[in-house]
2 protein chains.
Amino acid sequence: MGTSKTASFSEKQNELAILFKALSHPARVAIIEYLLTVDTCICGDIVNELPLAQPTVSQHLKELKNAGIIKGNIEGTAICYCLNPETLKKFEEYFFAITKKLKEKCC
Amino acid sequence: MGTSKTASFSEKQNELAILFKALSHPARVAIIEYLLTVDTCICGDIVNELPLAQPTVSQHLKELKNAGIIKGNIEGTAICYCLNPETLKKFEEYFFAITKKLKEKCC
DNA sequence: TTAATATATCGTAATATTGCAATATAACAA
DNA sequence: TTGTTATATTGCAATATTACGATATATTAA
């Protein structure tokens with residue numbers, strides 16, 4: 001036990017769960033929201049924006065990157081992280097479809 | 001350590017993280033999608049729809065209920081679970097606002 | 001009442017996540 | 001080259017999650 005029974009669910013359901021898991025920590029929500037306030041994709045020092053040590057922030061960034069929610073490009077010494085619009089659009093479309101279907105059901 | 005530094009983040013960020021965590025397991029995504037296919041709110045036997053034992057399903061339902069994503073009403077021997085449109089609308093609005101802001105930034 | 005059915009809770013083992021100090025890597029500046 | 005800066009990786013302790021057998025609860029039927 002302790003293991004998620006991944007194989008028992010559809011690929012889509014697992015993919016969605018991975019995306020949601022990437023957002024399931026306040027630090028990662030904070031990273032998303034910070035990247036949203038930055039004007040361009042060029043941005044450094046996310047570490048200074050968060051109340052966590054540098055290795056911890058790095059780990060959270062890695063998780064967001066693995067899930068495809070952010071992208072990271074090496075820009076000299078700094079790394080330029082930015083949001084991935086395609087993935088965020090997926091989220092929007094998923095919930096749009098759900099709320100639309102819910103309206104039709106009219107509980 | 002091992003504890004999430006909840007107190008270091010805003011209330012909104014923590015609330016969002018809790019909502020996303022509730023969806024971060026394929027079984028819970030499957031429950032949402034099953035409830036979406038059921039015609040009315042009256043529904044039983046979610047257990048039979050999932051490849052998990054009854055206590056496990058009950059636990060997942062509890063997590064979704066705690067997060068406010070589903071509602072449960074006692075209906076005799078059975079329990080009627082249904083989606084909470086308000087919470088799902090929150091998700092939609094959150095991602096709508098993000099994708100809108102991303103378009104304006106035009107990376 | 002007793003039996004059957006549906007769902008919840010408890011207890012616990014296996015696994016995953018979180019956070020950070022220590023260390024490593026990689027690029028630039030002097 | 002050496003030093004500085006920015007980010008990543010490793011290792012590990014504390015905590016959380018997942019799954020399920022056993023058991024409890026609660027409603028209906030007989």
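Naming: A, B, ... by sequence-line order, numbering from 1 per chain.
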Whether each nucleotide of nucleotides 12-21 of chain D has a protein heavy atom under 4.0 Å at its base (B), only at its sugar-phosphate (S) or at neither (-) is summarised, 5' to 3', as --BS-SBBBB
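Atom NZ in A:K71 sits roughly 21 Å away from atom C1' in D:dT7 (whole-Å rounding). Distance NZ (B:K65) to P (C:dT7): 12 Å, rounded to an integer number of Å. At whole-Å resolution of the value, CG in B:N73 and P in C:dA8 are 12 Å apart. Nucleotide C:dA27 holds its C1' atom 11 Å from the CD1 atom of A:I79, rounded to whole Å. Protein atom CD1 of B:I74 is 7 Å distant from nucleotide atom P of D:dT27, rounded to whole Å. Put simply, CD1 on A:I46 is 13 Å from P on D:dA6, counting in whole angstrom units. Rounded to a whole Å, the CG atom of A:N14 is 14 Å from the P atom of C:dA16. Atom pair B:N48:CG and C:dT5:C1' shows a separation of 12 Å (rounding to whole Å applied).
You'll find the ring centres of A:F91 and A:F20 inside the 6.0 Å limit.
Side chains of B:H60 and B:L52 form a contact here, defined as non-hydrogen atoms less than 4.5 Å apart. In this structure, the side chains of B:I70 and B:L83 come closer than 4.5 Å at one or more pairs of heavy atoms. For the pair B:I46/B:L35, a side-chain contact is recorded, criterion being any heavy-atom separation below 4.5 Å from C-beta on.
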Please evaluate residues A:S58 and A:K62 with respect to the criterion side chain to side chain contact (heavy atoms under 4.5 Å, CB included), reporting the C-alpha separation (whole Å), side-chain torsions for both, the decisive distance (0.1 Å), and the verdict. CA-CA 6 Å; A:S58 184; A:K62 192 179 175 186; 5.8 Å; no
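Applying the side-chain contact (heavy atoms from CB on, under 4.5 Å) test between A:L50 and each of A:V57, A:T56, A:L61 identifies A:V57 as the sole match.
An OP1 or OP2 oxygen of D:dA6 is reached within less than 4.0 angstrom by no side-chain nitrogen or oxygen of A:Y81.
Judged by distance alone with a 3.5 Å cut-off, no donor-acceptor contact links the side chain of B:Q54 to the base of C:dA6.
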